[in-house]
Amino acid sequence: MVDRWPKRNVMVVADVGRAVLAGVLALSHGSVGLAYGVAFGLSTGSLLFNPAASSLVPETVEADELVEANAGLWSVAVVAQILLAPTAGLVIAAFGVGLLVVLAGDWLDVGPSGFGALLGAIGLGAAGGPLLLRRHIRPGHAGWLFGPYALRGGVDLLLAAVASPVVAGGALLLYGVGTSTGMVAYQSTLQTAVPSAVRGRAFAFYDVTWNAARLVSLGLGGLLAEAVGIRAVYVVGGVLLLAAAGVGLQSTVRRPNSSALRSSNSS
């Protein structure tokens, strides 16, 4: 749909649809079935909006401005996380969700407000990382694509080893930097390496793959946390991230063809 329809129209329709669904849930929130249906609809809208937005960026800015554009968009998006992080603590106190919550309660021994501060640290790193490093990020460079995996793996191992909320906050700040810079590098690489005609499919495919893997990892992580404790989950996650970084850094990443990109954009 993203590759066949005007991308701006897809984004507008997806946003209007998600706004309507959110309004329905706000006005009528007594049904669990309705909540699941709204959640499904919101995710579907995101799967339309995100590939369309990512595919549209190369058609809006020059090739040498892609990294800065992606960095700016990413930083603006995560600023909301910083502003809403204290509220997240109240939400978690009422409902509770996610493995970071388990780590915060069982290992770091912090309450809902402490968890909100940890989320704020991630958001601060995620917002500031691309802005500070945007001039150094290189699309297609293995170090920028897979180096963040190594950083995040090290953070997971540190979180499993040290039960200090201060250390955890600093580590999660770095985690946010790694996540955001890696995402900017990834988006910029796809935008420069994939032809415009199929760019929406590429982004949608990666989104579906990521979300499917996320569901599996959350399920397995929850079972592992129940069986052997939350620290083991972070150790396993850290080792897997370091292994992924090792494989990626040893691979050859095809460099984007700038002349082909200009030709594709002009057509």
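Positions are given from 1, in the same order as the sequence printed here. These numbers come from the heavy atoms of this one structure, side chains and all, not from hydrogens, waters or symmetry mates.
- With a 4.5 Å cut-off on side-chain heavy atoms, P139 and V67 count as touching.
- Taken together through direct or relayed side-chain contacts under 4.5 Å among Ile, Leu, Val, Met, Phe, Trp and Tyr, V10 and L47 form parts of separate hydrophobic clusters.
- A cation-pi geometry, defined here as NZ or CZ lying under 6.0 Å from the six-membered ring centre and within 45° of its normal, does not hold between R231 and Y234.
- No continuous path of hydrophobic side-chain contacts links V236 to L242 [ILVMFWY only; heavy atoms under 4.5 Å].
- The salt bridge (charged side-chain N to carboxylate O under 4.0 Å, His left out) contacts involving residues 201-218 comprise D3-R201, where partners must be two or more places apart or lie in separate chains.
- R135 places no side-chain N or O within donor-acceptor distance of the main-chain N or O of L132, the cut-off being under 3.5 Å.
- Contact detail for G147 and L249: the closest heavy-atom pair is N-CD2, 4.3 Å.
- Separating the OH atom in Y186 from the OG1 atom in T179 is a distance of 14.0 Å, to the nearest 0.5 Å.
- In this structure a side-chain-to-backbone donor-acceptor pair under 3.5 Å is present from W144 to H136.
- Across all non-hydrogen atoms, the minimal contact from P51 to G200 is CB-O, 3.7 Å.
- Listed for the R199 side chain is a donor-acceptor partner under 3.5 Å among the backbone atoms of V194.
- Under a hydrophobic-cluster definition in which Ile, Leu, Val, Met, Phe, Trp and Tyr are linked whenever side-chain heavy atoms come within less than 4.5 Å, directly or via other members, I122 and V102 are assigned to the same cluster.
- Heavy-atom minimum distance, A142 versus G248: CB-O, 4.2 Å.
- Residues I137 and S188 have side chains not in contact (no heavy-atom distance under 4.5 Å, counting atoms from C-beta outward).
- Every residue meeting the side chain to side chain contact (heavy atoms under 4.5 Å, CB included) condition with V12, not counting sequence neighbours, appears here in chain and number order: V16.
- Of the possible donor and acceptor atoms, none in the side chain of S55 sits under 3.5 Å from a partner among the backbone N and O of A52.
- Considering all non-hydrogen atoms of both residues, G169 and A121 come closest at O-CB, 3.4 Å.
- Under the 4.5 Å side-chain heavy-atom criterion for Ile, Leu, Val, Met, Phe, Trp and Tyr, V235 and L159 are members of distinct hydrophobic clusters.
- A distance-only check finds a donor-acceptor pair linking the side chain of E65 to the backbone of E62 [under 3.5 Å].
- Taking hydrophobic clusters as Ile, Leu, Val, Met, Phe, Trp and Tyr residues chained together by side-chain heavy-atom distances below 4.5 Å, F146 shares a cluster with M183.
- Judged by distance alone, the side chain of W107 and the main-chain N or O of V162 form a donor-acceptor pair under 3.5 Å.
- The closest side-chain heavy-atom distance from N50 to F203 is not below 4.5 Å.
- Side-chain contact between P195 and V198: present, with at least one pair of heavy atoms (C-beta onward) separated by less than 4.5 Å.
- Between the side chain of R134 and the backbone N or O of L131 there is at least one donor-acceptor pair closer than 3.5 Å.
- Counting heavy atoms from C-beta on, the side chains of L56 and M11 come closer than 4.5 Å.
- Here the side chains of L100 and L172 are in contact, with some heavy-atom distance below 4.5 Å.
- Heavy atoms from other residues, nucleotides or ligands lying under 6.0 Å from CG of D109 number 12 at most.
- Around atom CZ of F49, more than 12 heavy atoms belonging to other residues, nucleotides or ligands sit under 6.0 Å away.
- Side-chain contact between Y175 and L151 is absent, with no heavy-atom pair separated by less than 4.5 Å.
- Other residues, nucleotides and ligands contribute only 12 or fewer heavy atoms inside 6.0 Å of the OH atom of Y206.
- Remark: the backbone N or O of T189 is paired with a side-chain donor or acceptor of T192 at under 3.5 angstrom.
- A heavy-atom distance below 4.5 Å is found between the side chains of L108 and L118.
- Interatomic distance, CG of L25 versus CG of L42, reported as 8.0 Å (0.5 Å rounding).
- With rounding to the nearest 0.5 angstrom, the OG1 atom of T60 is 9.5 Å from the NZ atom of K7.
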**OP:** Starting from the C-alpha separation in whole Å, work towards a yes-or-no answer on side chain to side chain donor-acceptor pair (under 3.5 Å) for E59 and S196.
**Re:** CA-CA 8 Å; E59 301 173 14; S196 176; 3.0 Å; yes
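- Residues Q187 and S54 share a closest heavy-atom pair of NE2-OG, 3.3 Å.
- A127 approaches S75 most closely through the heavy-atom pair O-OG, 2.6 Å.
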